[in-house]
Amino acid sequence: MHTPSVITIDGPAGAGKSTLGALLAQQLGYLYFDTGVMYRALTLIALRRRLDLDDALALEQLARQIKIEVLEPSTPDGRQYTVCVDGEDVTWAIRAPEVNRAVSQVSRHPGVRTEMVRQQQDIGRRGNVVMVGRDIGTIVMPHAELKIYLEASLDERARRRAAEERKRGQETALEQIRADIARRDELDHHVMRPASDALILNSDDLSPDREVAWILERMPVVKQSPTKVSSHNTRV
Ligand code: DC
């Protein structure tokens, strides 16, 4: 018997998935993997190369060509991890407003998603991972033993995003952030649904520590071997 080898956390932008995922992974000694960085990294490179963001084939090819790596933090500047594309550190570049604006457009192409999902499944298969995203419980790791769908109201998500940006020295009006998040909800709608066996957690009135406690209280004790559970190869 063991704790679930793969834990998925899905939910809308700004619900607090990364904070929760990182904290939970730290407590369990698991790898924390935020799949959104892969879509962001691809978008950054597509923008730099001035690709047409409606050109599904070009974006799919780019997704297959570039090497995206998520590594241990290389600098103590508040980062949770270091993201490299073909060896270049793009950790902060993928958080730029132009990437925020374009990432939903890039990630909606099925060919792009197939490639990203394939790479994410390779990581998930290794086990002992908390994987965060939108479609992890439904598409990437549908056999995960513990699935969380994290919700929060639009107002609360906007407040949190504003606070995060302030910490990074970025000052954006709350109304603007609220509108951006609402727009992304709209665009990401096609991938945003809880798995039928997901636990729904509303984080509006909970601190990240309370959220972790809530999850640990509901942690199933699993009898199967971790490799067996995660060795599926679901395709989109
Ligand atoms: O979680 P995030 O804001 O960093 O995600 C960036 C974008 O990537 C978001 O607009 C939706 C997309 N995304 C996705 O489609 N599937 C995932 N598993 C993760 C992110």
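Just follow the structure's listing: the first ligand is 1, and inside any ligand the first atom is 1. The model shown is predicted, which means the values in this text are computed figures rather than measured ones.
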Engineer: Just going by heavy-atom distances, which of Met192, Arg184, Arg95 is nearest to atom 3 (O) of ligand 1?
Structural biologist: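 Heavy atom nearest to atom 3 (O) of ligand 1 belongs to Arg184.
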Engineer: Tell me: protein heavy atom nearest atom 1 (O) of ligand 1, and distance?
Structural biologist: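 Here the nearest protein heavy atom works out to Arg134 NH1, 2.9 Å.
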Engineer: What are the atoms of ligand 1, with element, lying closer than 4.0 Å to any heavy atom of Ser104?
Structural biologist: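 What qualifies from ligand 1 is 10 (O).
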Engineer: Nearest protein heavy atom to atom 12 (C) of ligand 1, by residue and atom, and its distance?
Structural biologist: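 Looking at atom 12 (C) of ligand 1, the protein heavy atom closest to it is Ser107 OG, 3.8 Å.
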Engineer: Nearest protein heavy atom to atom 10 (O) of ligand 1, by residue and atom, and its distance?
Structural biologist: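 The protein heavy atom lying closest is Asp188 OD2, 3.0 Å.
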Engineer: Please report which non-hydrogen protein atom sits nearest to atom 16 (N) of ligand 1, along with the residue it belongs to and the distance in Å to one decimal place.
Structural biologist: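 Of the protein heavy atoms, Arg113 NH2, 3.1 Å lies nearest.
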Engineer: State, to 0.1 Å, how close Gly127 and Val6 come at their nearest heavy-atom pair, and which atoms those are.
Structural biologist: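 Looking at all heavy atoms of both residues, the shortest contact is CA-CG2, 4.5 Å.
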Engineer: Strictly under 4.0 Å, does any heavy atom of Ala13 approach an atom of ligand 1?
Structural biologist: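 Checking ligand 1 against Ala13, which is what was asked, there is no heavy-atom contact under 4.0 Å.
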Engineer: For atom 4 (O) of ligand 1, what's the nearest protein heavy atom and its distance?
Structural biologist: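 Checked against all protein heavy atoms, atom 4 (O) of ligand 1 sits closest to Arg40 NE, 2.7 Å.
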Engineer: What is the closest protein heavy atom to atom 7 (C) of ligand 1, and at what distance does it sit?
Structural biologist: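 Closest protein heavy atom to atom 7 (C) of ligand 1: Val103 CG2, 3.6 Å.
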Engineer: Out of all atoms in ligand 1, which are within 4.0 Å of some heavy atom of Gly36? Include the element for each.
Structural biologist: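 Counting from 1, the qualifying ligand atoms are 4 (O), 5 (O), 19 (C), 20 (C).
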Engineer: When you measure from atom 13 (N) of ligand 1 to every protein heavy atom, which one gives the shortest distance, and what is it?
Structural biologist: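 For this ligand atom, the closest protein heavy atom is Tyr39 CD1, 3.7 Å.
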Engineer: Looking only at heavy atoms, what is the nearest atom pair of Ile9 and Leu150, with distance?
Structural biologist: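 That would be CG2-CB, 4.4 Å.
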Engineer: Can a salt bridge be assigned to the pair Arg64 and Glu60 using a cut-off of 4.0 Å between side-chain N and carboxylate O?
Structural biologist: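 Yes.
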Engineer: Salt bridge or not between Arg184 and Asp180? Use side-chain N to carboxylate O under 4.0 Å.
Structural biologist: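 No, no charged N to carboxylate O under 4.0 Å.
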Engineer: Salt bridge between Arg178 and Asp155, side-chain N to carboxylate O under 4.0 Å?
Structural biologist: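 Asp155 and Arg178: salt-bridged.
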Engineer: Among all protein heavy atoms, pick the one closest to atom 19 (C) of ligand 1 and tell me residue, atom and distance.
Structural biologist: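 Here the nearest protein heavy atom works out to Thr35 OG1, 3.5 Å.
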Engineer: So, are Glu164 and Arg160 salt-bridged, with charged N and O less than 4.0 Å apart?
Structural biologist: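 No, this pair does not count.
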Engineer: Is any NZ, NE, NH1 or NH2 atom of the basic residue among Arg183 and Glu186 found under 4.0 Å from an Asp or Glu carboxylate oxygen of the other?
Structural biologist: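 The answer is no: the pair does not qualify as a salt bridge.
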Engineer: Below 3.5 Å, N or O to N or O, backbone or side chain included: is there any such pair between Gln120 and ligand 1?
Structural biologist: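 For ligand 1, there is no N or O atom that lies under 3.5 Å from one belonging to Gln120.
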Engineer: Is Arg210 close enough and on-axis enough to Trp214, meaning under 6.0 Å and within 45°, for cation-pi?
Structural biologist: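 That pair does not qualify as a cation-pi contact.
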Engineer: Write out all pairs satisfying salt bridge (charged side-chain N to carboxylate O under 4.0 Å, His left out) with one or both partners inside residues 19-37, taking only residues at least two apart or from two chains.
Structural biologist: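 For residues 19-37: Asp34-Arg95.
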